[in-house]
Each structure stands twice: as structure tokens, then as C-alpha cells.
There are 4 protein chains.
Amino acid sequence: MRNGNDENLVGSFPFVPRQERAVKKKDALLQSGRYLFITKGYENTTAKEIAAHAGVATGTFYRYFSDKRQLFMYLVKDKLANLLPPEPEWEAGDPEQLLFSLLENYQQRLYEVKLDKVVVELLPKDPDLAETLKEAKRNMHNRICNGLKRAQEKGHVWKDLDPSAIAWSVLVLLENAAKDDSGQSIDFRQLARLIGRMVFPPEIIKRLQSEQQAKSE
Amino acid sequence: MRNGNDENLVGSFPFVPRQERAVKKKDALLQSGRYLFITKGYENTTAKEIAAHAGVATGTFYRYFSDKRQLFMYLVKDKLANLLPPEPEWEAGDPEQLLFSLLENYQQRLYEVKLDKVVVELLPKDPDLAETLKEAKRNMHNRICNGLKRAQEKGHVWKDLDPSAIAWSVLVLLENAAKDDSGQSIDFRQLARLIGRMVFPPEIIKRLQSEQQAKSE
Amino acid sequence: MRNGNDENLVGSFPFVPRQERAVKKKDALLQSGRYLFITKGYENTTAKEIAAHAGVATGTFYRYFSDKRQLFMYLVKDKLANLLPPEPEWEAGDPEQLLFSLLENYQQRLYEVKLDKVVVELLPKDPDLAETLKEAKRNMHNRICNGLKRAQEKGHVWKDLDPSAIAWSVLVLLENAAKDDSGQSIDFRQLARLIGRMVFPPEIIKRLQSEQQAKSE
Amino acid sequence: MRNGNDENLVGSFPFVPRQERAVKKKDALLQSGRYLFITKGYENTTAKEIAAHAGVATGTFYRYFSDKRQLFMYLVKDKLANLLPPEPEWEAGDPEQLLFSLLENYQQRLYEVKLDKVVVELLPKDPDLAETLKEAKRNMHNRICNGLKRAQEKGHVWKDLDPSAIAWSVLVLLENAAKDDSGQSIDFRQLARLIGRMVFPPEIIKRLQSEQQAKSE
DNA sequence: TATGAATGAGCTTTCATTCAT
DNA sequence: GATGAATGAAAGCTCATTCAT
């Protein structure tokens, strides 16, 4: 199933492995590719190296992937699905708590993927990849947006703010918090509170927090 | 004057142009490099192409730059200074207004630079560049942070938020708003309001806005 | 067997050929390199040319040799062993006869090598090569020296001459006789007699020659 | 005078300097060329470097020399004359003494020239240079040969040896003794005695030595 | 199918030489 | 005459990709 899906996303490729051994080889190549891309960067990794690391011959690489780029796209698309956060239920409790766990969760997944730096290396050269990522982001944005809209209808969210703009901001902060570019690690508690202020009027936050407390008692 | 500074930053490689024509050629190379890097990506651009695009011979490239990377570093360091926003005076008036102009201004400058994608392509391979950028970010962060601390002391900013975390968030939103990754252009008015909520308690915003109105009357 | 030795000397660079065809290709490259080095000089020969002459692609060259220099070192070290003359048995018979065959034999081997000019082109730039050759010469010198010492103890060689100086002279004349620099080919019979005079007192020569004659009768 | 001569030897060149300043520049270029060739080797020295070292512009180099090779040929031909040893007067005294001073003298001159390594670097690529050197050697050979012939006619030299072969041997030993390739410096006294044995029958040496002693008393 | 040797276009860089000033 | 910036051919070397085995 995953296979069929991928194929559709990535385009036709030279050979559909049926036997188990073949599947293993393809996986080994993907794993090796991922490892080397992350460790050494995309351009600095050669197809030969990936093959060697996977324990197969150079030529075998091209039986499973049309080229280095395709292998990479497999990695990206495979991992992208994992990144979609669940649609948040804002009213379910203390929003700060919710955001905090959202942040932690997202970072955890991003940490597992680790391809972001590599993605970004390829981005300027690969409009296809750019499109793929854009779509993934659109998905995430919509998911967050929908939740916000519902909350806004109930008056839980600032009325004078566009849910789309909020969603965008939340997403951006989410994304960047997970990366540790800046060196200074971000305090997720602070960030959650901060985002809370951005989304909800103070009185709503108070109310939701006290409701939550009541519930847990 | 600016020149001397830049040279200091980059290192005075093969030759410091004195004659006007030489300066023009160096500029042409820089322009061509910038254009091609942005259009085709860093790795996809060769020194030969840059030279050709600048209308000079391949060898001439190497009279002015030790290699492609150095040319790129010139571009980056030259433009980096432009990106520093002025330290905001939060109390000076309507904070939403202030943030809005900050955003517009920053985008304008970023638009002029446009190297962000290329930078990001090189980042994983170039620790030097990473360090340079990290420092630039540190500078921006400190600048924002200081303003926030002063405002916080006067009680204008949420007391339970770390200025550093706020600064980080503002910076991240600023940066990302300026890029047009997502395709969906961000409404800067909305974003300004949003950031305002994040930084200032509602009553402060109201007060500052009414003061501002009083002033302008 | 010889192979293992050589590899050890040169270092096992990019790849040790196992299949027969690969060995053939490596040999073809070595042959082509040798031919072109001798014909056109070391600097005037490019890796590309060697590959073309051997009927393989440029890249193939680099599968077998890390660079031009390594190919050359292979040639040199391979041939150097051949140059060691057997330790001469001066007392075994007519020394002039002995020297004559020594000369002919040495020239034959040198003729097969023919790399001397190329070696000498590289020498000033390549301390490694210089060291290698120095050692080879030391070996040859020692070999000749030992024979002389034994002969000197028996009083067959001028007592007031340092064996080392004689050996050096013999070696130099040997080397240079084999090369045809001067255009005027050297008469080996003459040279043998000449060296004989240099090494042995006249009466010893006479005695050894008559002994030899007695033997052959 | 030297100028005219050189021109003839080397071939026409772009410009005949008349003014004193020009001559100085040409000399500076020659000196710089010589210095750099000896220090860094021929191929490793660029025309630009020679010009810079001489304190003139790159282009100026080509006003005085058609190319790098021509400059080098100037150096070689200029110095070659110095290498011709005086025609030895074998009967003038102790031949070992004579040879010793010949050796010392020759080495001294070679030391002053120092171009031998560079010459040898160029030799395989430059048939012209090869021819020049061959001729120089022929000259030296003839000079030595003539002396030997006269001595031979008087019965001072082995009758059964070809003067040409002797001359060749003397020359070769001379040349090689002067270079210090082998690391082990040659004892010139020993070498002189050795060559003496090669050229003169023992009784002649004795006679000439005692005559010499008589003279000096 | 799997192999890995072979390919060769193409990149970076150098430097002898020219030529506008 | 002198300058030194500009030229561009050519070298060394890499690596994505092909293909004979």
C-alpha cells in the first residue's frame, strides 16, 4: 500500500520489487541514503557511497531508483506524512498545556526525520520538491486553521484575527522551535504560553485553565 | 568606508581592486553571482557561468575571488548588515503600528537580499557561514530583547514571559513573514496585531493606542 | 608474488584489480604511460592522453592510479629491481671480460627501462622519488663495494684506493655508458679495459687473464 | 659583444635594448629567472613570478623574452661557456695533482652555475636544449681528447686504449663527481688517483711524479 | 538480477600570453 | 616603453550513469 502510494507520488521507476530480498535491498538503500544525506549533505553523498553503505553494487542502486534525487524524494515523502500533527482540540482543556504537548510532539517527530537540512539544500534546485513541501505545509495549515475556526465561532479566539494568519504563525513557531538552529534552545513552556496569548484572549485562557483544573480534581 | 569594512570581514584575497574599471568588474561578477545563485542555486552555478554572465573570461573570475564560495560570502556579508532592524521603541506609540512598519521594512530589505534560499543550501556544508549567520541572528535577537526588557520593567509587557523567548518568536515570525515560501502571502496587519497580543497585555495595547491617537490629534 | 611486492612498495591505492581484464587494463595504462613519458616527457604527458593511448576513458585512469605520479612510481619501482647487477666475482677470471659482460648486461636492462630521462625530469620536484633512487644506488654501490673489499684483501686491487671510491666510479661509468646521451656510442670493450686499469694493478690483470686462458684450454 | 653573440645563438627576439635601464631590466629578469628556476624548478616557476621578482610588470617580461623557455636558454648558453675546462697539459707534472685541481675547479664552476637540475628537467621536452648540451659536451670531449692524443703519441698513455674512450670516461667521472646526487661526497684525491690509473701506466705516473718533485725542489 | 568496471561530460583552477591604457 | 588586467586553452579530477558480464 505504501509502495503503491509512493510510486504514484514519485513517478514511475525502473522496477517494482516483488521478492522479499529486493524489498530489503531497497530499504537498505533508503536507510543508507538517509543516513549519508543527513551526515554529509546531499551533494556530498555519491550514489556509489549509498550503494556501498547499503552493501550492494553501484549498478544495483539504479535498479531501484532512477537516480539519487528519486531516492531522496522517497525519503521526503515517506517522512512527510509523519509530520502532520493531529488536529488540535482547543477547547479540550488548558490551551497552554495543549500547545506544550503539541510542540514536544512535533519536535519529537522532526527529530526522527532529520531531513530538514537536506531538504533545504535541495530546495533551490528542485521545484518539484518545493511543490511537495508546499502542499505538506498547506495540509498542516488547514488542519490547524479548521480547529481555530471552530474555536473562533464559539468566541474562544480573538475575533479580530484571521484564523489563517494565526494558523500560519503557530505553524511557523512550531517549525522553528523544533529546529535548534539558533543554538539557544527554546523553552517550550514559555513558547506555549506565548502562543496562547497570541491565539486566545486572556479571560478565555483563564477560564479554560480553571475548567481543566476542575476536571482533573 | 563600507568597502573597508567588508574586506575586513571577508579577508583580502587575491587582489584589492584600485582602478575603477576593476571595481566595476568585481561588481559585475558579484551581481552575476547573486543573480545566478538565486536563479539556479549555488551548486548548480559554476564559476565559468558567473564569469560568462558578467561578460568576462573564466580566469578573470579568479583574479577577484579565490573561488565561488568567497564570492558568495561577499554577497552574504555585504547584505547582512542591511538586515539589522532598528531597535524598536515600543512605548513610542501604537505597538501594532510599530510592528507593522517593522515587518514591511524588514520584508523590503529581505526582498533586496533574496539570498536566503541560497544561504540555506550552503548551510549544512559550511560551518563558517553557519557561524556568521548565527552571529547575525544573535545581534538581531539582542536588539529586540533589550527593547523588550526595558518595556517589561515599565510593566508594558507580560511579566510572566521571558523577553528572550518573546524576542525569538518575534524574530522567527518576522523572518518567515518576509519569505514567501508558503505561497499564501501573509497579511502584515494581521501579523502585527497577532504579535502585539503575544507581547503586550490587552490593556497596555489599548492604552498605547489611545495615547497615540491623542498625540496625532 | 612480484605483484604483492610492488603493491607494498607503492601503496594500495584506489583499488586492487582482481579480475584478469582489470589487470590487463592496468598494464595497458602502465605501458602507455611509459611510452608517452619516454616520448614526450613527464610534464608533457597528461592523464587523459595516457588513458586515450591505452584505449580507455579518462575516468578509468583514476580507477587504477590516484594520479599520474603514482603510475610513474609504479613504473620506476617495478623496473628498479631489474637494475641491480649481480655481485661480481672479480677473481673468477679475466676482469676485463667480466666487466665487459657486466656492461652489456646492464645496458640491456637499462635499455628495457629507458625511464632514466623521465626520472631525472621529476627528480628536482619529487623528494620521494629522489629517496627511492638514492636507496637503489646505495644498494648497487654496496654490492660492488663488497666484491672489491674481498678482492682487495687478497691484494688483487690497488691497496691505496678506497673501495668505495672505486665502486662509485665503476657505477658512474656503468650508468653513463648505458645511456646514449652523447650520441657517440661507447665501445664497451674499451671501457671494460679502462675500468680494469682503474681497479687492478697491471700485473694482477695479466695473471688473472692467463689463469683464465689456462682454464679454458 | 656578448649581446650580439647571444642573439645569434638564441634566435631573434622581440627587442634589442639599447638604453641602460633596459639592459638592467633584462639582467634583473635573467637573475630572477635563474634564482627561481633553481629554487622551485622550471615548471613550477611562472613568468609572472619571474617578472614580479625582478620588479617589473608581467608584460615587460615579454618585451625582453619571447617566452619563458627563451629566458632559460639564455641562462644555459651564457653559463655553458664557463664550464669548458682548460685543455689539460698532462706532461706538465704529477697527473694526479693535475686531475685533482681539474676536479676541484670544475666543481667550483658547476657550483656557480647550478642549473644542471633545471636543465635535466627540461631535457626530455626540448630537443633544442638537448642539442645545445650535446655540442657543449662534444667540445669538452674534444678538448680532453686532444690532450690525451698528444700524450699518447709520446707513450705516456696506455697505447691499447682509445683516447676518445678515456676522454669520455674522464668527462663522465668529472661531471658526476661535481654533482652531489648520491649523498656520499666523493673524495677528490681518491678520484684523481683513480683516473690517473685509468689513463697512465703506473711507471709513467711514477716518473711524472718524481719529475714534479725534482722540479719543486 | 546483480555486479562493479567503464564511461565521459563537466567542474575547478592555473598560467603563458596578449593588449588596451 | 611599461603596465597589469584580461584572456581562454587546457590540466587534473569527480561522479552520475551505463552496460558487458
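Note on naming: letters A, B, ... go to the chains in the order of the sequence lines (proteins, then strands), and numbering restarts at 1 for each one.
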Would you mind telling me which of E:dA6, E:dT12, E:dT3 lies closest to the side-chain atoms of B:Tyr62? E:dT12
Figure out the NZ/C1' separation between C:Lys25 and F:dA20, and round it to whole Å. 10 Å
Within the pair B:Lys68 and E:dT12, is there a side-chain N or O less than 4.0 Å away from OP1 or OP2? yes
Taking DNA chain E as the partner, which of residues 32-49 of chain C come within under 4.0 angstrom of it by heavy atom? none
Considering only E:dT7, E:dT17, F:dC13, which nucleotide approaches the side chain of C:Asp67 most closely? F:dC13
How about B:Leu30 and B:Asp27: do any of their side-chain heavy atoms sit closer than 4.5 Å? yes
Test applied, side chain to side chain donor-acceptor pair (under 3.5 Å); reference residue, B:Tyr74; option that passes from B:Lys79, B:Lys26, B:Arg34: B:Lys26
Would you check if B:Leu71 and B:Phe37 make a side-chain contact, meaning some heavy-atom pair closer than 4.5 Å? yes
Non-neighbouring partners of A:Phe61 that pass ring pair (Phe, Tyr, Trp, His ring centres under 6.0 Å), sequence neighbours left out: A:Phe65
B:Thr60 vs F:dA5: side-chain N/O to OP1/OP2 distance below 4.0 Å: no
Those residues that, when tested against C:Asp126, pass side-chain contact (heavy atoms from CB on, under 4.5 Å) (two or more places apart): C:Arg69, C:Leu122, C:Asp128, C:Leu129
Atom-pair distance (CD1 on C:Ile50; P on F:dA11), nearest Å: 12 Å
Whenever both distances are under 3.5 Å in a Watson-Crick or G-U wobble pair, mark it; put DNA chain F into dot-bracket that way, with [ ] for crossing pairs and | when the partner is on another strand. .||||||||||||||||||||
With sequence neighbours left out, what residues match D:Glu131 under side-chain contact (heavy atoms from CB on, under 4.5 Å)? D:Lys134, D:Arg138
Map C:Gly59 and B:Val56 onto DNA chain F by nearest heavy atom, then report which one ends up closer to the 5' terminus. B:Val56
For the side chain of B:Ala57, starting at C-beta, report the closest nucleotide among F:dA2, E:dT3, F:dG8. F:dG8
Does a nitrogen or oxygen in the side chain of B:Tyr64 sit under 4.0 Å from OP1 or OP2 of F:dA6? yes
Between D:Arg63 (CZ) and E:dT18 (C1'), how many Å, whole number? 12 Å
Just the rounded figure in Å: distance from P of E:dG8 to CZ of C:Phe61. 17 Å
note: D:Leu29, atom CG; E:dA16, atom C1'; distance rounded to Å ~ 15 Å
Heavy atoms from C-beta onward define the side chain here; which of E:dT12, F:dT3, E:dG8 lies closest to that of C:Thr58? E:dG8
E:dT18 P sits how many Å from D:Phe65 CZ, rounded? 16 Å
Side chains of D:His53 and D:Glu49 in contact at under 4.5 Å (non-hydrogen atoms): no
Any non-hydrogen side-chain atom of C:Phe72 less than 4.5 Å from a side-chain atom of C:Val119? yes
Restricting to side-chain hydrogen bond (donor to acceptor under 3.5 Å, both in side chains), what partner residues turn up for B:Thr132, sequence neighbours left out? none
d(CG, C:Leu71; C1', F:dG12) in whole Å: 14 Å
Once you round it to whole Å, what is the distance between P of F:dT17 and CD of A:Gln70? 11 Å
Contact check, side chains of D:Leu123 and D:Leu133, non-hydrogen atoms, under 4.5 Å: yes
